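Working notes, beginning with the structure itself.
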Number of protein chains: 2
Amino acid sequence: MLPSENKYLTNVSFDTVIFGFTGEELKILVLEYQNTGLFALPGGYIRRDENLLDAAKKGIMRRTGLKTIHLEQFHTFGKLNRSNPEPSKRIAKGLGYEMPDDHWVLDRFITVGYYSLINYNQVRPTPNKFSDSINWYSINNLPPLMMDHEEIVKKALEAIRTDLGKKPIGTNLLPEKFTMKELRKVYEAILDKKLRRTTFQRKILSMDILIRHEKLYTGAANKAPYLYSFNKEKIEKL
Amino acid sequence: MLPSENKYLTNVSFDTVIFGFTGEELKILVLEYQNTGLFALPGGYIRRDENLLDAAKKGIMRRTGLKTIHLEQFHTFGKLNRSNPEPSKRIAKGLGYEMPDDHWVLDRFITVGYYSLINYNQVRPTPNKFSDSINWYSINNLPPLMMDHEEIVKKALEAIRTDLGKKPIGTNLLPEKFTMKELRKVYEAILDKKLRRTTFQRKILSMDILIRHEKLYTGAANKAPYLYSFNKEKIEKL
DNA sequence: TTTTATTGTATCAATTTGATACAATAATGC
DNA sequence: GCATTATTGTATCAAATTGATACAATAAAA
């Protein structure tokens with residue numbers, strides 16, 4: 001096949017690590033291919049007529065049902081041994097057809113990694129025609145992932161940890177309004193360590209990126225916490 | 001041409017931003033193609049039988065004469081409009097041959113950006129067969145670069161600025177032994193701002209990554225500064 | 001020996017962070 | 001009602017870090 005006859009770019013793909021927060025722990029979306037026992041990150045190929053970033057966004061919007069999504073690129077993986085035609089062959093076989101050995105998807109791929117932090121509850125995980133299921137898995141209890149996808153997850157985790165200090169990444173992990181405790185839990189889940197309650201509160205308030213709203217009465221026998229939302233205008237200016 | 005007949009991966013390339021330090025300002029290596037007036041970053045393609053990183057290293061070692069090099073990946077550029085067959089055609093024409101319109105190097109490319117900080121004085125800039133010259137240009141006075149290479153430089157600068165806080169990046173910009181003033185000048189050039197002399201010294205010494213050596217007698221009529229080198233063992237452990 | 005420019009470090013103030021204390025308060029039980 | 005309980009919001013003081021300044025040490029020249 002001539003390159004120009006292919007709708008997609010060859011030798012390049014994208015893979016995404018989509019983080020969600022249950023209130024207690026971080027999870028990521030992992031899909032499982034039919035009849036293969038193979039687990040993988042959501043990913044895909046780039047059409048010749050679209051931007052790399054748009055290709056990745058489109059793919060993730062389809063997998064999650066979200067209408068908008070913010071993706072951050074964190075690393076591109078290009079080791080020689082990361083490509084392996086076996087999984088793709090097994091996936092094709094699992095779907096009931098044989099793939100010719102010179103098919104372009106069996107060639108070597110360099111993949112661009114993106115991460116996103118999204119609202120766990122707004123997502124409708126949607127399998128594609130190749131996959132059996134797509135589900136949330138705790139980052140501390142992932143199934144074995146195919147190829148180098150575990151390395152990709154590891155790099156994504158490192159990236160969100162270092163980015164957390166710079167940008168208020170947590171913006172999309174929580175509902176519109178949230179309590180200070182919930183926000184702290186997000187930070188604790190990402191950094192994987194406890195934070196001092198009072199210091200966290202002082203620090204985050206001094207950043208002046210939160211708007212305080214009404215109190216939240218949960219029925220608990222104690223002082224009700226305020227609800228907050230992110231001041232998106234101020235965050236833009238950072 | 002069938003993909004497998006091509007020695008190189010298609011649709012993927014790398015480009016590098018190689019920083020050097022003159023003692024006063026940051027420069028980068030820029031090459032100029034013969035008879036075209038086109039200026040570009042050093043870059044290249046990835047052979048099917050080599051790692052992405054190795055391909056980039058090999059390319060830069062050839063352009064600089066260095067035997068070893070450390071590259072940091074900072075971003076991958078995949079916009080649809082970044083690819084443009086005209087420069088490549090002009091480059092081919094400048095060399096005296098016509099390129100067929102369906103040649104793989106005229107196709108769309110997604111390029112992986114790497115930066116490196118190296119010792120200005122140890123480099124022998126070496127043009128390749130396509131380029132007229134390869135030279136150092138001050139980052140404040142670059143020639144107009146082709147395609148999106150100016151955006152690539154901008155991203156590389158952002159990357160070294162944020163990485164400077166995390167890793168002691170300056171390690172390779174200076175000779176083996178250097179004075180505290182020289183080290184501070186490096187930081188000032190990268191961050192593009194003056195740093196407080198005493199605070200810088202206290203902070204960098206407290207990091208415990210420097211080894212103090214003999215004094216440097218320059219003949220100047222004042223107290224001679226100590227020479228320092230990086231303690232590479234301790235830096236590894238960070 | 002004095003002078004000059006620069007280096008290395010000490011010192012004290014200002015700011016930020018860590019640790020603790022405590023008042024405010026929303027339900028509950030009596 | 002009124003004490004009880006758990007949690008929140010903030011104040012307070014100590015500890016650590018950073019900023020600003022001062023000053024002694026010193027290499028060479030006058």
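All of these numbers come straight from a predicted model, not from anything done at the bench. Convention: sequence-line order gives letters A, B, ...; per-chain numbering from 1.
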Query raised in the report: Rounded to whole angstrom units, what separation is found between the CZ atom of A:Arg212 and the C1' atom of D:dT8?
Result: 10 Å
Query - Residue A:Tyr228, side-chain heavy atoms: nucleotide from D:dT18, D:dG9, C:dT7 that is nearest - result: D:dG9
**Report entry** Interatomic distance where CG belongs to B:Leu205 and C1' belongs to C:dT7 [whole Å]
**Finding:** 12 Å
Requested in this report: Check each residue of residues 177-194 of chain B for a non-hydrogen atom within less than 4.0 Å of any atom in DNA chain D, then write out the ones that pass by number, or none.
Outcome: none
Report task. Estimate the overall bend of the helix from C:dT1-D:dA30 to C:dC30-D:dG1 from the end axes over five pairs each, rounded to 10 degrees. Result -> 20°
Query raised in the report: Of all residues at least two apart in sequence or in a different chain, which pass the salt bridge (Lys or Arg N to Asp or Glu O under 4.0 Å) check with A:Glu32?
Result: none
Report summary line: With sequence neighbours left out, the residues meeting ring pair (Phe, Tyr, Trp, His ring centres under 6.0 Å) with B:Phe39 are none
Query raised in the report: C:dT6 P sits how many Å from B:Leu216 CG, rounded?
Result: 14 Å
Requested in this report: Return the set of residues passing salt bridge (Lys or Arg N to Asp or Glu O under 4.0 Å) with B:Lys58 (not counting sequence neighbours), or none when no residue passes.
Outcome: B:Glu50
Report task. Identify which one of A:Lys154, A:Lys155, A:Arg82 satisfies the salt bridge (Lys or Arg N to Asp or Glu O under 4.0 Å) criterion when paired with A:Asp148. Result -> A:Arg82
Report task. Mark up nucleotides 20-30 of chain D, 5' to 3', with B wherever a protein heavy atom is under 4.0 angstrom from a base atom, S wherever such an atom reaches only the sugar-phosphate, and - elsewhere. Result -> SBB--BBBB--
Report task. Using modelled atom types only, decide if a donor and an acceptor are shared between the side chain of B:His149 and the backbone of B:Leu41 within a distance under 3.5 Å. Result -> yes
Query raised in the report: What pairs of residues pass the side-chain hydrogen bond (donor to acceptor under 3.5 Å, both in side chains) test when at least one of them lies in residues 196-206 of chain B, not counting sequence neighbours?
Result: none
Query raised in the report: Which residues satisfy the ring pair (Phe, Tyr, Trp, His ring centres under 6.0 Å) test with B:Tyr45, sequence neighbours excluded?
Result: B:Trp104, B:Phe109
Report summary line: Rounded to whole Å, CD1 of B:Ile204 lies from P of C:dG8 at a distance of 14 Å
Query - Length of the line joining A:Gln201:CD and D:dT7:C1', which is rounded to integer Å - result: 11 Å
Report summary line: Residues passing the salt bridge (Lys or Arg N to Asp or Glu O under 4.0 Å) test with A:Glu176, sequence neighbours excluded, are none
Report summary line: Hits for ring pair (Phe, Tyr, Trp, His ring centres under 6.0 Å) against A:Phe77, two or more places apart or cross-chain, chain-then-number order -> A:His75
Query - Distance, rounded to the nearest Å, where B:Leu227 contributes CG and C:dT6 contributes P - result: 18 Å
Report summary line: The side-chain hydrogen bond (donor to acceptor under 3.5 Å, both in side chains) partners of A:Tyr115 (sequence neighbours excluded) come to A:Asp163
Query raised in the report: Whole Å only: how far is the CE atom of B:Met207 from the P atom of D:dT17?
Result: 13 Å
**Report entry** Partners passing side-chain hydrogen bond (donor to acceptor under 3.5 Å, both in side chains) against A:Ser13 (at least two apart in sequence or in another chain)
**Finding:** A:Thr111
